[in-house]
*Asks:* 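So that we are looking at the same thing, I have put the structure below in structure tokens.
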Protein chains: 2
Amino acid sequence: MLTIGTMARRTRTKVQTIRYYEQIGLMPEPGRTEGGQRRYGDAELDRLAFIRHSRELGFPLEAIRELLALSDTPETSCAQVDAVARRHLKEVEARIARLQSLEAELRRMIGECRNDRVSDCRILEVLRDHEECLSDHRTPEL
Amino acid sequence: MLTIGTMARRTRTKVQTIRYYEQIGLMPEPGRTEGGQRRYGDAELDRLAFIRHSRELGFPLEAIRELLALSDTPETSCAQVDAVARRHLKEVEARIARLQSLEAELRRMIGECRNDRVSDCRILEVLRDHEECLSDHRTPEL
DNA sequence: GCTTGAACCTTCAGTGGCTGTAGCTCTTAT
DNA sequence: ATAAGAGCTACAGCCACTGAAGGTTCAAGC
């Protein structure tokens, strides 16, 4: 039987985070000691490890919820798993593209700065005046 | 005199966002009509445009606060402005690098999936078993 | 002058994914 | 028996907004 602290150490998770996962229904309610402390088994450890690995790959918790549900129906096709992963990949690609255009803009701006007084600063001028150089205003920033 | 709605339209900002900026002290408290509605001048419009342009470039609000303060002392050197921008560029670069390593890992994972049953899914196996392929666990995810 | 409807007001809750704190209680080793 | 360390609950805070409820004000048209 594993304490919450042991679970945390083994998966490099904060104790509070595990309790949070329980609260939002991502981890099951574990058994308790007479005194009310949580005690976990190996299945729970595996589940937590799965969640953490998925988080390291940037999957949002809702996607992880889907993956866990699919993982519990072993006889069905994994096409849905594939779809979740591809969807996430698309989001990551989109974020990279967005950040790269920010990066280019920032470099250009910084490159023009001649380190004069603030009143002549090119950076501040750009921030004051620039007209939507960035194409897509509807995507989230990152 | 500009209403909050006009300010919002001109800067492509939500009305609530402008009130939020006021609440956190990024925008000044404007004058009001007898009935209590906000009325702005051109200086406020410029300030809001500055904030929105900076946000489009991904500057966090605290950095924007710094930039606005620096912008109000025209005779000093703009080295500090430069420093804020370079600091932000570094963060953007770091996020890109992190996302690119995620992207590579996701691609590898998806590439291995043969679309069998869930019980043999390579994606799920990776998520269950993979040992920290991603070097830096201390940086924020994005 | 009056009506109408759009725009404004305040306040509060929610987003995602945790993290930190306060003030307790429980377990375990000595 | 005691004391340290780990656990417990409940709640607040982070960032940068966004939405909604429920009410008030403004401006245009008649």
Side-chain angles (χ1 to χ4, degrees), chain A residues 1-27 29-40 44 48 51-66 68 88 91-92 95 98 102 137-142, chain B residues 1-27 29-40 48 51-68 88 91-92 95 98 102 137-142:
Chain A
M1 284 307 184
L2 308 163
T3 64
I4 198 170
T6 308
M7 295 277 282
R9 234 173 297 114
R10 297 253 186 103
T11 59
R12 295 180 215 86
T13 309
K14 294 259 157 89
V15 166
Q16 297 103 301
T17 304
I18 301 175
R19 289 198 282 246
Y20 168 72
Y21 288 160
E22 180 182 329
Q23 196 186 309
I24 63 170
L26 209 56
M27 286 293 288
E29 288 186 27
R32 301 268 187 156
T33 62
E34 288 179 20
Q37 298 195 356
R38 291 167 179 82
R39 288 300 122 95
Y40 296 91
E44 280 79 28
L48 181 56
I51 295 170
R52 295 309 293 176
H53 293 153
S54 304
R55 286 295 299 137
E56 280 169 25
L57 287 167
F59 284 95
L61 293 182
E62 278 317 299
I64 297 171
R65 214 186 280 277
E66 276 186 73
L68 283 166
H88 179 50
E91 293 230 337
V92 169
R95 282 182 189 173
R98 170 94 178 126
L102 288 189
H137 279 284
R138 281 159 302 287
T139 53
E141 173 210 326
L142 305 174
Chain B
M1 283 309 184
L2 309 162
T3 65
I4 198 170
T6 308
M7 294 276 283
R9 233 172 299 117
R10 297 253 185 104
T11 59
R12 295 180 215 85
T13 309
K14 295 257 157 87
V15 166
Q16 298 102 299
T17 304
I18 301 174
R19 290 198 281 248
Y20 168 71
Y21 288 160
E22 179 182 328
Q23 196 186 308
I24 62 169
L26 209 58
M27 287 292 289
E29 288 186 27
R32 302 266 186 157
T33 62
E34 288 179 20
Q37 299 194 355
R38 292 167 179 81
R39 289 298 123 97
Y40 296 92
L48 181 56
I51 295 170
R52 294 311 292 177
H53 293 153
S54 305
R55 285 296 298 135
E56 279 169 24
L57 288 168
F59 285 94
L61 293 182
E62 277 318 299
I64 297 172
R65 213 187 279 278
E66 276 186 72
L67 291 172
L68 283 166
H88 179 50
E91 293 229 336
V92 170
R95 281 180 190 174
R98 170 95 178 126
L102 289 189
H137 280 283
R138 283 159 301 287
T139 51
E141 172 212 326
L142 307 173

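Both backbone and side-chain heavy atoms feed into the values below; hydrogens, waters and symmetry mates do not.
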*Asks:* Which whole-number value in Å describes the distance from A/E91 CD to C/dG16 C1'?
*Replies:* 13 Å

*Asks:* Is the phosphate of D/dC8, meaning OP1 or OP2, less than 4.0 Å from a side-chain N or O of A/R38?
*Replies:* yes

*Asks:* To the nearest Å, how far apart are B/I64 CD1 and D/dC15 C1'?
*Replies:* 12 Å

*Asks:* Picking from C/dC18, C/dC8, C/dG17, which would you name as closest to the side chain of B/Q37?
*Replies:* C/dC8

*Asks:* Does any residue of residues 16-23 of chain A have a heavy atom under 4.0 Å from DNA chain D, and if so, which ones, in number order?
*Replies:* A/R19

*Asks:* What are the two closest heavy atoms between B/L102 and A/E56, and how far apart are they?
*Replies:* CD2-O, 3.0 Å

*Asks:* In whole angstrom, give the distance that lies between atom CD of B/E62 and atom P of D/dC15.
*Replies:* 7 Å

*Asks:* B/R65 near the nucleic acid: base, sugar-phosphate alone, or nothing, with a heavy-atom cut-off under 4.0 Å?
*Replies:* nothing

*Asks:* When the distance from CZ of A/R12 to P of C/dC18 is rounded to whole Å, what number comes out?
*Replies:* 15 Å

*Asks:* Please tell me which of B/L61 and B/G35 maps to the more 5' nucleotide of DNA chain D, matching each residue to the nucleotide holding its nearest heavy atom.
*Replies:* B/L61

*Asks:* Can you identify which nucleotide, out of C/dT27, D/dA16, D/dT25, has its nearest atom closest to the B/R55 side chain?
*Replies:* D/dA16

*Asks:* In whole Å, I'd like the distance from the NZ atom of B/K14 to the C1' atom of D/dC17.
*Replies:* 9 Å

*Asks:* What verdict does the side chain to side chain contact (heavy atoms under 4.5 Å, CB included) test give for B/Y40 and B/I18, after you've listed the backbone C-alpha separation in whole Å, the side-chain angles of each residue and the deciding distance to 0.1 Å?
*Replies:* CA-CA 11 Å; B/Y40 296 92; B/I18 301 174; 3.7 Å; yes

*Asks:* Which nucleotide sits closest to the side chain of A/R32: C/dT10, D/dT9, C/dC26?
*Replies:* D/dT9

*Asks:* Carefully, step by step, assess B/T33 and B/M1 under the rule side chain to side chain contact (heavy atoms under 4.5 Å, CB included).
*Replies:* CA-CA 10 Å; B/T33 62; B/M1 283 309 184; over 6 Å; no

*Asks:* Side chain to side chain contact (heavy atoms under 4.5 Å, CB included) for A/M7 and A/R38? Distances and angles first, verdict last.
*Replies:* CA-CA 11 Å; A/M7 295 277 282; A/R38 291 167 179 82; over 6 Å; no

*Asks:* With the threshold set at 4.0 Å, does a side-chain nitrogen-carboxylate oxygen contact exist between B/R65 and B/E62?
*Replies:* yes

*Asks:* Whole angstroms only, please: what is the CD1-C1' distance between B/I24 and D/dG13?
*Replies:* 15 Å

*Asks:* Using a strict heavy-atom distance below 4.0 Å, which residues from residues 1-9 of chain B are in contact with DNA chain D?
*Replies:* none

